[in-house]
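Reading through the structure tokens given below for one structure.
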Amino acid sequence: MADNARAKKLADLIREVVAQKLQRGIKDPRLGTHVTITDTRVTGDLREATVFYTVYGDDEDRKAAAAGLESAKGVLRSAVGAAAGTKFTPTLSFVADALPETARTIEELLDQARASDAKVREAASGAAYAGETDPYRKPDDDEDAAAE
């Protein structure tokens with residue numbers, strides 16, 4: 001079994017090779033400039049690699065890019081094998097990265113929090129204290145109260 005440093009180096013190499021090959025070597029119009037390789041993970045035995053990607057566009061573009069990546073899997077694996085020079089070239093599997101959807105959800109939640117904060121600020125702007133402005137007893141007040 002390989003160490004984590006070797007797996008990390010191979011994952012970085014696979015990410016770079018796949019990205020370069022998609023940009024320059026594959027003429028599939030489904031891939032083009034729409035696909036971005038975000039991350040790559042390799043198993044501990046260096047036999048399987050998972051390549052995460054995002055697609056700029058709508059659902060139809062995502063489906064077309066997924067089909068294009070599946071059809072180009074053999075060419076991409078050959079390019080990785082030539083660049084890596086390892087005994088066994090890992091099999092590639094492509095997974096759509098959920099990062100853009102997660103970021104969009106976080107932005108929506110932050111917008112809701114900002115709106116809620118604005119409502120609280122608006123309600124607090126005209127509010128007054130329920131009691132005195134300084135609710136703490138002073139030493140002078142204690143002496144006067146004890147004398148009475």
Side-chain angles (χ1 to χ4, degrees), residues 1-139 141:
M1 189 147 124
D3 58 352
N4 287 337
R6 187 170 178 199
K8 177 69 174 146
K9 285 173 73 173
L10 183 60
D12 291 341
L13 177 73
I14 290 171
R15 186 179 70 237
E16 291 175 13
V17 169
V18 169
Q20 287 177 358
K21 193 70 173 171
L22 286 176
Q23 186 178 17
R24 296 189 187 123
I26 296 181
K27 305 285 192 237
D28 194 342
R30 297 176 290 186
L31 300 175
T33 59
H34 302 301
V35 178
T36 303
I37 304 300
T38 57
D39 193 20
T40 305
R41 295 186 185 147
V42 178
T43 58
D45 60 357
L46 306 178
R47 296 280 180 162
E48 297 176 11
T50 305
V51 180
F52 294 92
Y53 67 94
T54 59
V55 179
Y56 182 73
D58 57 358
D59 288 336
E60 186 176 311
D61 292 334
R62 288 185 190 103
K63 289 177 184 176
L69 286 171
E70 284 299 316
S71 69
K73 189 184 289 190
V75 173
L76 294 172
R77 185 172 182 220
S78 298
V80 167
T86 57
K87 182 177 181 180
F88 182 81
T89 303
T91 58
L92 302 177
S93 61
F94 294 95
V95 176
D97 199 354
L99 185 68
E101 289 83 16
T102 304
R104 192 173 310 118
T105 303
I106 290 173
E107 283 297 322
E108 289 172 0
L109 291 173
L110 288 174
D111 289 339
Q112 290 175 359
R114 285 185 198 105
S116 175
D117 288 347
K119 287 180 185 177
V120 169
R121 256 187 255 111
E122 183 181 320
S125 65
Y129 291 105
E132 299 175 17
T133 57
D134 188 12
Y136 299 105
R137 292 185 183 177
K138 307 269 189 284
D141 294 339

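Note that the structure is a prediction, hence the values are computed from the model and not measured.
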With rounding to the nearest 0.5 Å, note down the distance linking CG in Leu69 to CG in Leu22. 6.0 Å

Of all the heavy-atom pairs spanning Ala65 and Val55, show the shortest one and how long it is. CB-CG2, 3.6 Å

What residue pairs, at least two apart or across chains, pass side chain to side chain donor-acceptor pair (under 3.5 Å) with a residue in residues 90-99? Thr38-Asp97

Presence of salt bridge, Arg15 and Asp12, under 4.0 angstrom: yes

For residues 52-62, which residue pairs pass the salt bridge (Lys or Arg N to Asp or Glu O under 4.0 Å) check, not counting sequence neighbours? Asp59-Arg62

Could you give all pairs that pass the salt bridge (Lys or Arg N to Asp or Glu O under 4.0 Å) test and reach residues 67-76, with sequence neighbours left out? Glu70-Lys73

Can you list, pair by pair, the side-chain donor-acceptor contacts under 3.5 Å of residues 76-84, counting residues two or more places apart and other chains?
residue, atom, partner, partner atom, Å
Arg77, NE, Thr89, O, 3.3
Arg77, NE, Pro90, O, 3.1
Arg77, NH2, Thr89, O, 2.6
Ser78, OG, Gly74, O, 3.0

Contact between Thr86 and Leu46 at the side-chain level, heavy atoms closer than 4.5 Å - yes or no? no

If the condition is side-chain contact (heavy atoms from CB on, under 4.5 Å), which residues does Ala64 pass it with, not counting sequence neighbours? Arg30

Nearest heavy-atom approach of Ala49 to Val42 is CB-CG2, 4.1 Å

Residues 102-115 side chain polar contacts: donor-acceptor under 3.5 Å, at least two apart:
residue, atom, partner, partner atom, Å
Thr102, OG1, Ala98, O, 2.9
Thr105, OG1, Glu101, O, 2.9
Asp111, OD1, Arg114, NH1, 2.8

Point-to-point distance, once rounded to the nearest 0.5 Å, from OH of Tyr53 to OG1 of Thr36: 11.5 Å

Where at least one partner belongs to residues 47-57, residue pairs that pass salt bridge (Lys or Arg N to Asp or Glu O under 4.0 Å), sequence neighbours excluded: none

With sequence neighbours excluded, what pairs up with Asp39 under the salt bridge (charged side-chain N to carboxylate O under 4.0 Å, His left out) test? Arg41

List for me each residue that meets side-chain contact (heavy atoms from CB on, under 4.5 Å) alongside Arg121, sequence neighbours excluded, and say none if there are none. Asp117, Ala118

